[in-house]
Novice: 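Quick one: this structure, given as C-alpha cells, is what I'll be asking you about.
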Amino acid sequence: MLFNLFIAVIILQRAAELAVARNNEKWMKGRGALEFGQRHYPWIVVVHVSFFICFLIEVTIFEKDLSPFWPILLILFFLTQTGRVWALFSLGKYWNTKIIVMPGAKVVRRGPYRFIKHPNYVIVAAEFLVIPLMFQAYITAAVFTLLNIMVLSVRIPAEEKALKELTEYEEAFLRLRPGMNRDIKKV
C-alpha cells in the first residue's frame, strides 16, 4: 500500500512536470527558441520510463519491503524533491525536459544555479539511487545509475554547446565562485 502510494505520487509529479515542459516549450519556441539534442532525447525518455517499470517489477516480484534506513532515505527523497522544485521555479519559463535555448537569453543564475550549472541532473542522479534504495531495489539503483551516467555524458555536453553558442553561458558561469574572476584575470 505504502509503495503504491509512493510510486503514484512520483508518477503524478512527473506527469505534471511534462505538462509544464510542454507549455514552456510552446512559449519558448513561439519566441524564437531553438531545440537541440533531438537524437538523444528519446533515450532519456526510455531510461526514465524504464526506471519506473524496473523499479515496480523489482519491488513486486522480489517482494521488497521498506529499507531499514527508510527514515534517512525519505528525508533524502524530500530534499531531492525540494531541489527539483527549486530548480524548476528558478528557471521558470525556461525550464524544460528538452534542450530548448532562446538565442541571446540571459542565463539564469538564481536558485541552485548560483552554485552549480546542472542542479536538476544532480537531483535526478540522487533520485535514481534514493528511490529504489528506499525499497531495497538494489538492481534498479545500480543499473539506472549507470544508464543515467551514460545519457548524461551525451546530454550535458549537447546542452552546454547549445547554451555557449546562443547565450552568454560561458561568461555567466565563469563567475560561479567568488574570486574566480580574479584568478582567471591573473593567468
Side-chain angles (χ1 to χ4, degrees), residues 1-29 35-100 111-113 116 118-156 158-159:
M1 175 74 171
L2 179 64
F3 173 73
N4 292 335
L5 178 63
F6 181 72
I7 199 75
V9 166
I10 296 170
I11 290 172
L12 287 173
Q13 177 192 23
R14 297 306 190 271
E17 288 175 1
L18 288 174
V20 169
R22 271 192 294 276
N23 287 336
N24 290 350
E25 178 179 1
K26 286 179 193 171
W27 181 84
M28 288 180 69
K29 286 184 174 179
E35 184 175 347
F36 299 85
Q38 294 96 325
R39 286 191 2 209
H40 74 260
Y41 184 73
W43 291 105
I44 291 174
V45 172
V46 166
V47 167
H48 283 258
V49 170
S50 299
F51 169 79
F52 287 106
I53 293 168
C54 291
F55 177 50
L56 284 164
I57 290 171
E58 184 175 357
V59 171
T60 305
I61 289 178
F62 296 110
E63 298 177 0
K64 300 289 184 160
D65 203 4
L66 271 174
S67 165
F69 303 105
W70 74 264
I72 295 166
L73 293 165
L74 186 61
I75 290 168
L76 291 173
F77 174 74
F78 284 129
L79 287 172
T80 61
Q81 298 320 291
T82 300
R84 175 184 283 283
V85 170
W86 190 25
L88 191 148
F89 277 101
S90 295
L91 287 178
K93 288 283 197 183
Y94 296 102
W95 180 83
N96 212 293
T97 58
K98 298 177 179 178
I99 302 172
I100 301 174
Y113 297 91
I116 59 175
H118 303 286
N120 203 54
Y121 299 144
V122 172
I123 291 161
V124 169
E127 287 176 333
F128 274 11
L129 286 170
V130 170
I131 291 170
L133 291 179
M134 190 168 326
F135 288 91
Q136 302 183 65
Y138 303 118
I139 296 167
T140 301
V143 167
F144 284 91
T145 293
L146 294 174
L147 289 174
N148 190 48
I149 290 168
M150 290 169 54
V151 295
L152 288 181
S153 72
V154 173
R155 170 66 172 224
I156 291 172
E159 186 171 325

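For reference, positions follow the sequence shown, starting with 1.
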Novice: Does a side-chain heavy-atom distance below 4.5 Å link Tyr121 with Asn148?
Specialist: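 Answer no - side chains too far apart.
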Novice: Under a 3.5 Å distance rule, please check whether Ser153 uses its side chain to pair with a backbone N or O of Met150 as donor and acceptor.
Specialist: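 Yes, the answer is positive, given that a donor and an acceptor are paired below the 3.5 Å cut-off.
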Novice: Please test Tyr113 against Trp86 for ring-ring contact (aromatic ring centres under 6.0 Å, His included), starting from the C-alpha separation and ending with a verdict.
Specialist: CA-CA 10 Å; Tyr113 297 91; Trp86 190 25; 8.7 Å; no
Novice: Nearest 0.5 Å please: distance from the OG1 atom of Thr140 over to the CD1 atom of Ile57.
Specialist: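 If we round to the nearest 0.5 Å, Thr140:OG1 and Ile57:CD1 are 8.5 Å apart.
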Novice: Rounded to the nearest 0.5 Å, how far apart are CZ of Phe135 and CG of Leu56?
Specialist: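 Reported value, rounded in 0.5 Å steps: 10.5 Å.
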Novice: Could you give the distance from CD1 (Ile7) to CG (Leu2), rounded to the nearest 0.5 Å?
Specialist: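 The CG atom of Leu2 is 11.5 Å from CD1 of Ile7, to the nearest 0.5 Å.
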Novice: Please determine whether the number of non-hydrogen atoms from other residues, nucleotides or ligands lying under 6.0 Å from atom NZ of Lys29 exceeds 12.
Specialist: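 Result for NZ/Lys29: enclosed.
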Novice: Got a sec: does the CD of Gln38 have more than 12 other heavy atoms crowding it under 6.0 Å?
Specialist: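 Atom CD in Gln38 is packed in, count exceeds 12.
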Novice: More than 12 foreign heavy atoms under 6.0 Å from OH of Tyr138: is that the case here?
Specialist: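 Yes - once you tally the heavy atoms of other residues, nucleotides and ligands closer than 6.0 Å, there are more than 12.
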Novice: From the options Ile100, Val154, Ile99, select the one residue that forms a side chain to side chain contact (heavy atoms under 4.5 Å, CB included) with Glu159.
Specialist: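 That would be Ile99.
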Novice: Is a side-chain N or O of Glu58 found less than 3.5 angstrom from the main chain of Ile139, in a donor-acceptor match?
Specialist: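 Flag set: sc Glu58 to bb Ile139 pair under 3.5 Å.
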Novice: With a 4.5 Å heavy-atom cut-off, do Phe128 and Leu147 have their side chains touching?
Specialist: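 Sidechains of Leu147 and Phe128: no contact.
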Novice: What verdict does the side-chain contact (heavy atoms from CB on, under 4.5 Å) test give for Val124 and Arg84, after you've listed the backbone C-alpha separation in whole Å, the side-chain angles of each residue and the deciding distance to 0.1 Å?
Specialist: CA-CA 8 Å; Val124 169; Arg84 175 184 283 283; 3.9 Å; yes
Novice: Are any non-hydrogen side-chain atoms of Ser67 and Gln136 less than 4.5 angstrom apart?
Specialist: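 They are in contact (side-chain heavy atoms under 4.5 Å apart), so the answer is yes.
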Novice: If you compare all heavy atoms of Trp95 against all heavy atoms of Asn24, which two are closest, and at what distance to 0.1 Å?
Specialist: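 Where Trp95 meets Asn24 most closely, the heavy atoms are O-ND2, 2.9 Å.
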Novice: Can you list, pair by pair, the side-chain donor-acceptor contacts under 3.5 Å of residues 39-55, counting residues two or more places apart and other chains?
Specialist:
unit_1: His40; atom_1: ND1; unit_2: Gly37; atom_2: O; d: 3.4
unit_1: Tyr41; atom_1: OH; unit_2: Thr97; atom_2: OG1; d: 2.8
unit_1: Ser50; atom_1: OG; unit_2: Val46; atom_2: O; d: 2.7

Novice: Can you give me every donor-acceptor pair (side chain of residues 72-81, partner residue at least two apart or in another chain, under 3.5 Å) with its distance?
Specialist:
unit_1: Thr80; atom_1: OG1; unit_2: Phe77; atom_2: O; d: 2.6
unit_1: Gln81; atom_1: OE1; unit_2: Gln13; atom_2: NE2; d: 2.9
unit_1: Gln81; atom_1: NE2; unit_2: Glu127; atom_2: OE2; d: 2.6

Novice: On a heavy-atom basis, which atom in Ala87 and which in Asn120 lie closest, and how many Å separate them?
Specialist: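 So the minimum-distance heavy-atom pair works out to CB-OD1, 4.4 Å.
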